[in-house]
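Structure first, commentary second.
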Amino acid sequence: MVAVTTLIVLVGAGLSWAANRGGSAAKPSLAAAPASTTPVAKLHIIRPAVQLRAKGNTEFRTAREGATLRQGDVLRTDAAGFVEVEYADGSLTRLGPSTEFSIARLTEERGGRQTRGSI
């Protein structure tokens, strides 16, 4: 229940931030991209610092803007970090400061698209 409440608060804060950020250039959307054989998401860094631990790795590394994210990857923000994860259908997950987020499920099967993560 705490994780769900935290996610709701983070998403709400992200929506509020997005509504008030005005004046920035629009970023390209994954929604228009053709479907790939491996489901992916893209990382958009809004405020550094963000680290990424790719599936199968044991160490976090500094994340880059536009990094491709896959099922099993883990993101971590520091006390000032703020990022968004954009999925192929155009939906977003926004992560605020001091957050660790794991992409637990990411599928793009026709009629059965699923995105699941845990904080």
Measure from the side-chain N and O atoms of [X] to the backbone N and O of [Y], and report whether any donor-acceptor pair falls under 3.5 Å.
X	Y	result
Glu86	Lys42	no
Asp78	Ala80	yes
Thr77	Ser98	yes
Thr99	Pro97	yes

Closest heavy-atom contact between [X] and [Y]?
X	Y	answer
Thr68	Arg70	CG2-NH1, 3.4 Å
Glu100	Val74	CG-CG1, 3.6 Å
Ala41	Val85	CB-CG1, 3.6 Å

Side chain to side chain, [X] and [Y], heavy atoms closer than 4.5 Å:
X	Y	value
Phe101	Thr93	yes
Leu52	Leu75	yes
Glu65	His44	yes

**Message:** As a quick check of understanding, evaluate side chain to side chain contact (heavy atoms under 4.5 Å, CB included) for Val50 and Val83, giving each step before the final call.
**Reply:** CA-CA 8 Å; Val50 181; Val83 300; 2.8 Å; yes
**Asked** Should the pair Arg94-Glu84 be classified as a salt bridge under the 4.0 Å nitrogen-to-oxygen rule?
**Response**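 Glu84 and Arg94: salt-bridged.
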Gap between atom [atom2] of [Y] and atom [atom1] of [X] - 0.5 Å precision:
X	Y	atom1	atom2	answer
Arg76	Arg61	CZ	CZ	12.5 Å
Ile45	Leu95	CD1	CG	11.5 Å
Arg105	Gln71	CZ	CD	6.0 Å

**Prompt:** Between Val40 and Tyr87, is a side chain to side chain contact (heavy atoms under 4.5 Å, CB included) present by the stated rule, with each step listed?
**Reply:** CA-CA 7 Å; Val40 297; Tyr87 304 99; over 6 Å; no
**Prompt:** Cluster question for you: counting only ILVMFWY and a side-chain heavy-atom cut-off of under 4.5 Å, with indirect links fine, are Ile119 and Ile103 together?
**Reply:**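 Yes, Ile119 connects to Ile103 through the hydrophobic network.
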